[in-house]
Amino acid sequence: MRTIASLGELRSRTVIVRCDLNVPLDGGVITDDGRIRASLTTISELREAGARIVLISHLGRPKGAPEERFSLRPVAARMAELLGAPVRFVGETVGSEATAAVAELQDGEVVLLENLRFNAGETSKDEAERRAFAGQLAALGDAFISDGFGVVHRRQASVTELAQLLPSAAGRLVASELEVLQRLTVDPARPYTVVLGGSKVSDKLGVIAHLLERVDTLLIGGGMLFTFLAAQGHGVAASLLESDQLDTVRGYLAEAERRGVRIVLPTDVVVAEAFAPDAAHEVVAADAIENSAFGAQGIGLDIGPDSAREFAAVIAESATVFWNGPMGVFEMAAFANGTRAVAQALTETSAFTVVGGGDSAAAVRALGFTDDQFGHISTGGGASLEFLEGKALPGLEELR
Ligand code: ADP
Ligand code: MG
């Protein structure tokens with residue numbers, strides 16, 4: 001992977017840095033600035049080198065046109081505070097205003113351009129459209145640094161095509177994330193446990209096939225646990241279920257047995273009457289979800305206390321733990337206990353621990369844990385999972 005050093009002398013050169021500043025916002029207020037903090041190493045290094053720095057990022061999922069609620073403006077203000085230096089915000093990504101702001105940059109100064117995804121070319125499926133947009137971006141700088149680890153698994157203009165148009169290199173965040181993930185793929189200390197949860201069930205099921213070749217134990221919580229329970233023939237009432245994945249999941253269960261990999265499913269579940277913070281709820285056995293007080297309406301929103309204890313015990317005995325995806329709907333206090341128990345166990349084990357995933361990272365911080373209690377908190381959920389799956393990540397391939 002080409003490093004920043006491979007770009008040579010950077011003083012007075014304009015360097016475009018693709019960051020992942022996709023932070024959670026609540027009414028324009030940043031609720032978790034972890035991704036901004038994670039971007040600072042590269043930016044500080046470039047400032048010290050006297051580069052003129054143009055930051056680009058996406059935020060949320062606008063549909064190729066400006067939408068005020070997805071503006072990066074609040075991010076510029078927070079970044080300036082954390083960096084201890086001005087960060088000029090420009091209200092467009094490309095155009096005369098952006099060109100003028102970049103031309104005015106002095107050595108060591110920083111601008112942040114508006115959300116990349118306000119431009120249809122950024123995420124277009126049409127390569128020519130992505131190329132055209134990347135060309136407009138490339139015209140703003142002399143070199144490109146790819147440091148948005150959360151997007152390196154995407155084929156998008158600012159990730160892949162832009163890297164082809166300028167001298168390009170991996171930034172510090174991308175490099176450090178890869179170093180950690182390599183520890184998980186090349187000879188991890190055993191027992192090696194992976195904890196999977198969250199709501200992107202079909203996205204994440206794919207990783208299991210690959211993990212079965214490497215891990216000793218898989219702990220399954222979050223939304224995906226119901227597809228496992230259903231695959232074993234249990235009813236799940238109104239819980240999240242991907243019924244087209246049942247055969248796939250049965251295949252994983254059989255494969256795990258063949259390989260001697262332990263798949264641990266929850267034995268109890270917190271079932272609620274509705275998907276709401278104040279919904280009535282009770283703990284029921286995982287094989288009797290339909291028998292809860294809420295019958296067919298019941299929704300499983302967290303793993304139960306027995307399961308949380310068992311997961312914690314497995315984590316305590318592990319030497320390597322990777323965790324992606326909350327165990328329940330942690331955003332609602334009543335359904336945060338499973339996630340809290342897993343996070344707590346990660347902070348207490350002597351294992352090397354990695355937390356990957358935007359919501360997982362936000363969850364541990366929201367529950368009051370701090371980054372230094374974990375071996376590593378990855379800024380990229382999808383990217384780290386695809387790396388663990390052994391897939392080539394398009395954004396990284398461009399930097400080799
Ligand atoms: P990450 O960003 O860490 O990769 P995901 O995006 O896959 O994680 O999933 C995070 C979301 O999963 C959270 O918003 C959480 O509320 C939700 N979730 C967890 N358990 C359940 C469940 N049982 N039913 C519905 N949603 C769930
Ligand atoms: Mg997520």
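Ligands are counted one by one from 1 in listed order, and the atoms in each one are counted from 1 as well. Just so it is clear, the model here is predicted, and its values are computed rather than measured. Just so you know, residue 1 is the first one in the sequence shown, and it goes up from there. Computed over heavy atoms, backbone and side chain alike; hydrogens, waters and symmetry mates excluded.
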Identify, by atom number and element, the atoms of ligand 1 in contact range of Phe226, meaning under 4.0 Å from any of its heavy atoms.
-> 23 (N)
Can you name the nearest heavy-atom pair linking Leu21 to Leu59, along with the distance?
-> O-CD1, 3.8 Å
Would you be so kind as to tabulate the donor-acceptor pairs closer than 3.5 Å made by side chains of residues 276-284, with sequence neighbours excluded?
{"from": "Glu282", "atom 1": "OE2", "to": "Ala293", "atom 2": "N", "distance (Å)": "2.8"}

Which residue and heavy atom of the protein sit nearest atom 16 (O) of ligand 1, plus the separation = Glu331 OE1, 2.6 Å
In a check of salt bridge (charged side-chain N to carboxylate O under 4.0 Å, His left out) between Arg88 and each of Glu109, Glu104, Glu97, which one passes?
-> Glu104
Hey, are Glu122 and Arg117 close enough for a salt bridge, meaning a charged N less than 4.0 Å from a carboxylate O?
-> no
Which atom pair, heavy atoms only, marks the closest approach of Asn115 to Pro62?
-> ND2-CG, 3.7 Å
Shortest protein heavy-atom distance from atom 26 (N) of ligand 1, along with the residue and atom involved = Val329 CG2, 3.7 Å
Hey, could you give me each pair passing ring pair (Phe, Tyr, Trp, His ring centres under 6.0 Å) that has a residue in residues 349-382? Not counting sequence neighbours.
-> none
Sub-4.0 Å heavy-atom contact, Gly381 with ligand 1 | no
Have a look at ligand 1 and work out which part of Asp203, if any, has a heavy atom under 4.0 Å from it: side chain, backbone, both or neither.
-> neither
Run the contact test for Lys204 against ligand 1 with a 4.0 Å cut-off on heavy atoms, strictly below, and give the result.
-> yes
Indicate the atoms forming the closest heavy-atom contact of Pro266 with Ala286, along with that distance.
-> O-CB, 3.2 Å
For the Mg ion (ligand 2), how many protein N, O or S atoms lie at less than 2.8 Å?
-> 1
Could you tell me whether Arg52 and Asp142 make a salt bridge, using a distance below 4.0 angstrom between a side-chain N and a carboxylate O?
-> no
For atom 18 (N) of ligand 1, the option (of Gly328, Gly222, Ala361) bearing the nearest heavy atom = Gly328
Restricting to heavy atoms, the pick from Gly358, Gly300, Ser384, Ser199 nearest atom 24 (N) of ligand 1 would be Gly300
Who pairs with Ala383 by side-chain contact (heavy atoms from CB on, under 4.5 Å), at least two apart in sequence or on another chain?
-> Phe149, Val152, His153
